[in-house]
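From a predicted model like this one, the values you see are computed outputs, not experimental measurements.
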There are 2 protein chains.
Amino acid sequence: MREAVGAPAPAGRPGRGRRPGARESILDAIRAAEPLSRVELAKITGLTEAAVSMTVRRLLEEGLVVETGRTPTGGKPRTLLQLDPIARLAVGVHLDEDATTYVLTGQTGGVIARLARPASLGDDRDSILRALAADIDTLLAGSGIDPARCLGVGIVWPGPHSGGTPADDTLPHLRGLRGEELGRQLSETTGWPVLVENDATAAAVGEYWVARVGPDQTFAALYMGGGIGAGIVVEGRAMRGGHASAGEFGHLCLEVFGPECWCGSRGCLEILAGPRTVVTAAREDRIAAAEAGLDPAQPSRTVTADFGAIARAARAGAPHCRALLESSARYVAAAAETVVNLLDIDLVVLTGPGFAAASAIYGPAIMRRLAPADAKTWHRNVTVTVSLAAATASATGAAALVLQSHLRA
Amino acid sequence: MREAVGAPAPAGRPGRGRRPGARESILDAIRAAEPLSRVELAKITGLTEAAVSMTVRRLLEEGLVVETGRTPTGGKPRTLLQLDPIARLAVGVHLDEDATTYVLTGQTGGVIARLARPASLGDDRDSILRALAADIDTLLAGSGIDPARCLGVGIVWPGPHSGGTPADDTLPHLRGLRGEELGRQLSETTGWPVLVENDATAAAVGEYWVARVGPDQTFAALYMGGGIGAGIVVEGRAMRGGHASAGEFGHLCLEVFGPECWCGSRGCLEILAGPRTVVTAAREDRIAAAEAGLDPAQPSRTVTADFGAIARAARAGAPHCRALLESSARYVAAAAETVVNLLDIDLVVLTGPGFAAASAIYGPAIMRRLAPADAKTWHRNVTVTVSLAAATASATGAAALVLQSHLRA
DNA sequence: CGGACTTCATTCAGTTGCTTAAGAATGTTA
DNA sequence: TAACATTCTTAAGCAACTGAATGAAGTCCG
């Protein structure tokens, strides 16, 4: 068991004097496979039973962990340990193209309270920040939980966690705002510590957190909202890349001489089969548009909303919409295969509103694409699943990042 | 500065009680930027000056590091530290399709002695193993170096470091041999500790080692020999994937409905533009075959050798050969862009005999492909370079793996 | 030339987080 | 009730690192 999914490193330097972290290993092991006894923890983490005992005592004193029962053995029964779900909490905020979602999440990833707001929270940065702060207060107040237990706020958007702004034209009122500025300003406004993260990366962390993925699994969370991204977790650590823009799954090249993408390159997944492209195609196909109830005279809704409408129509049997999605899915499947091959991924999780709406098409397409080479050459066993909480995965992941960065200390 | 490029983890568990490793950080820092003084090391590694001082003393006692001068400052001059290039050595062996290469390498990655042998060392496993052992002894004996300084043998092949065998039909006499068996058997035959590694991964480690790449750079070594692979190093650690088959760069999908690849999928880079495909195309094009001196009646040589001939012809101005390589390069460039976008790579190094022969075509093609989106969207600065020692990069990397796994302790 | 100053490096005491080894607690089985 | 099995805790020791003070080796300047 290695280190767990990481928040952005505290600073350029390695944590001074940090040890491999019995605390962290133990908390992560319990999270992934609770309930566990001390002896089991020792086996899993590779620590001594003595070390586990001491560390667990501290965790019990802090209230992070609780004893919840015993299982009989040949000798003294094991005392089982679990995380106290509400011992520590964090707020996750997801700034998406078509909605703003707030969740209050405990150590086990369970959603304790949630709040949905329209995407547009105000006309300028200041009013948006004030609205965010007010909503966070409302969420905490409404939950009935002691705010002292809340460790901070994680905020998630389609941009990188630092060093840049969202690349496409979502979030118009925040345009030009860099991740670190957003974090600092929101921290000043709310008084909470704030972490900023990319939506796909956060979704991956959230999935790692709530779906009890083990640190031994290499996994990718494919996220479809207004665009497509991927969060990649290797040995329990989220990959962010040198400049915090890893996971640009939408800009994998799938056609060397394909159409020009807005990113400046050609044949990207996004331009060939991204949700925006699907929506555009549906609006241009009179039958598909009618199937999905897309009004050509009123092109105003968000990509996510339109895509959802297309997916609903396809589920209801509409052939043109279904064909559009099937076509998109073949590209997404090839891109998924690329990622799986390049990184030797064990587990692919589909998440975000796009895949939540259309997983019945995309999931099987990916599995069909992976199957032949898996059987013939790689002899691996890649699992493709759909997130159980695709709609809130990113917000939960944002909160999980905050929790983890604090529980590590 | 994080942990350095990793040898395969000692065992499933985390090294029991391993500390973040002042030793490792310091050695890695010196390797990447020697000469350095103790105070500089403290700054770079984040350790205290006291800790650096103590650790360096031990390294001096062990002879790993030497003091090599002073630089004046305002006060007491700094004593500069360097690695002793021949304090510890390791043998790297590269089992390639068309040759077997041995290198004896010191701590700084410099090649102290080398030996080249034909690819086919024998007709069965036993005689191959005996030939390997004999050649390793010859190399060591001929170098005039005390064998006690040699830490072991790294062996590199086109297969995974464990859990599998080379996927294509190279190395016919070793067919069916698994990585861990090869390592164990060679260890028994030679008496040295043996590590097995994939050729592309080893090339990446070798490049990290000799080209003084810093742990802060995310980089990919693209390796072209009889096929195409990639070794990826993130935060100073080589990515191997859950089942040791990461870096299957040759099986990125670049044409969703492309031709069927031998891996069982479609449109893979390998089948569209891999060296084997280039060679086949050249042999089928009468003019290109003539340009490269490929005899259609005698199709026996290796892919690597034929590809080299094509590249030489192209360098000499042969238009058909050049066109074939340009065509291949456009696919490779798109695949490189995919990797760069997905993992936020800073540095791409081209290595292996294939790229060594044809880097003049592939390098610029990759840069041309990356440029527009870099300028328009990503605002990053990806460096594309050619390995200075492409021919021996893998063997050097194999040796580097051995050195590192020992110097960490 | 000698003292002040600057910077590099080391020493020493104290803390932390583990390890090993022994032992206490808590059950089952005969 | 004694013997056993297993889980968990305690105690002593070690290794690595930190912080703060000290020593060492130069430059600068009157």
Side-chain angles (χ1 to χ4, degrees), chain A residues 1 3 10-11 13-30 35-62 65-82 407-409, chain B residues 1 3 10 13-27 29-30 35-62 65-82 407-409:
Chain A
M1 189 150 303
E3 293 180 46
R13 312 258 162 272
R16 310 206 311 162
R18 272 202 58 242
R19 307 296 155 80
R23 236 183 112 90
E24 187 183 325
S25 309
I26 287 175
L27 284 171
D28 209 46
I30 299 181
L36 289 172
S37 72
R38 290 169 178 77
V39 177
E40 290 169 309
L41 280 170
K43 282 214 185 76
I44 292 173
T45 60
L47 297 163
T48 328
E49 295 178 8
V52 171
S53 195
M54 284 195 305
T55 312
V56 164
R57 183 173 46 218
R58 254 169 297 186
L59 294 173
L60 286 167
E61 283 164 7
E62 294 172 50
V65 160
V66 288
E67 299 188 333
T68 58
R70 333 195 125 221
T71 43
T73 62
K76 175 175 173 177
R78 331 182 145 165
T79 10
L80 297 178
L81 301 164
Q82 289 193 335
L407 297 180
R408 281 179 153 184
Chain B
M1 190 150 304
E3 294 179 45
R13 310 258 164 272
R16 310 205 312 160
R18 270 201 60 244
R19 305 298 153 81
R23 235 183 114 89
E24 186 183 326
S25 308
I26 288 175
L27 283 172
I30 298 181
L36 287 172
S37 72
R38 290 169 177 78
V39 177
E40 290 170 310
L41 280 170
K43 282 214 186 75
I44 292 172
T45 59
L47 297 163
T48 327
E49 295 179 8
V52 171
S53 195
M54 284 196 304
T55 312
V56 165
R57 181 171 48 217
R58 252 169 300 187
L59 293 173
L60 286 167
E61 283 164 8
E62 293 172 51
V65 160
V66 288
E67 300 188 334
T68 58
R70 334 195 125 221
T71 43
T73 62
K76 174 175 174 178
R78 338 184 136 162
T79 23
L80 297 178
L81 301 164
Q82 289 193 336
L407 296 180
R408 281 179 153 184

Minimum-distance nucleotide (side-chain atoms of [X] versus [options]):
X	options	answer
B/K76	D/dT6, C/dT20, C/dT7	C/dT7
A/A50	C/dT7, C/dA21, D/dA20	C/dA21
B/T48	D/dC8, D/dT18, D/dC17	D/dT18
B/R70	C/dG27, D/dG26, D/dG19	D/dG26
A/S37	D/dC8, C/dC8, D/dT9	D/dC8
A/L47	D/dC17, D/dC8, C/dC18	C/dC18
A/E49	D/dT9, C/dG17, D/dC17	D/dT9

query = Would you find a donor on one side and an acceptor on the other, under 3.5 Å apart, between the side chain of A/S37 and the backbone of A/E40?
reply =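 Indeed, once roles are kept as given, a pair shorter than 3.5 Å links the two residues.
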message = Counting C-beta onward and ignoring hydrogens, is there a side-chain heavy-atom pair between A/L41 and A/I30 closer than 4.5 Å?
response =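 SC-SC contact between A/L41 and A/I30 confirmed.
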Check: B/L47 and B/I26 side chains under 4.5 Å, non-hydrogen atoms =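 With C-beta onward as the side chain, the pair touches.
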message = Both A/R78 and A/M54 contact DNA chain D. Which one's nearest nucleotide lies toward the 5' end?
response =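 Between the two, 5'-proximity favours A/R78.
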For a quick test of reading the model: is some side-chain N or O of [X] closer than 4.0 Å to OP1 or OP2 of [N]?
X	N	answer
A/T55	C/dG17	no
B/T79	C/dA9	yes
A/S53	D/dT9	yes
B/R57	C/dA9	no

inquiry  = Using whole Å, what does the distance between atom C1' of nucleotide C/dT11 and atom CZ of B/R58 come to?
reply    =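 Rounded to the whole Å, the gap is 14 Å.
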query = CZ of B/R38 versus P of D/dG23: gap in Å, rounded?
reply =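 Answer to the nearest Å: 19 Å.
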key: Steps toward side-chain contact (heavy atoms from CB on, under 4.5 Å) verdict (A/T73, A/R78)   = CA-CA 7 Å; A/T73 62; A/R78 331 182 145 165; 3.7 Å; yes
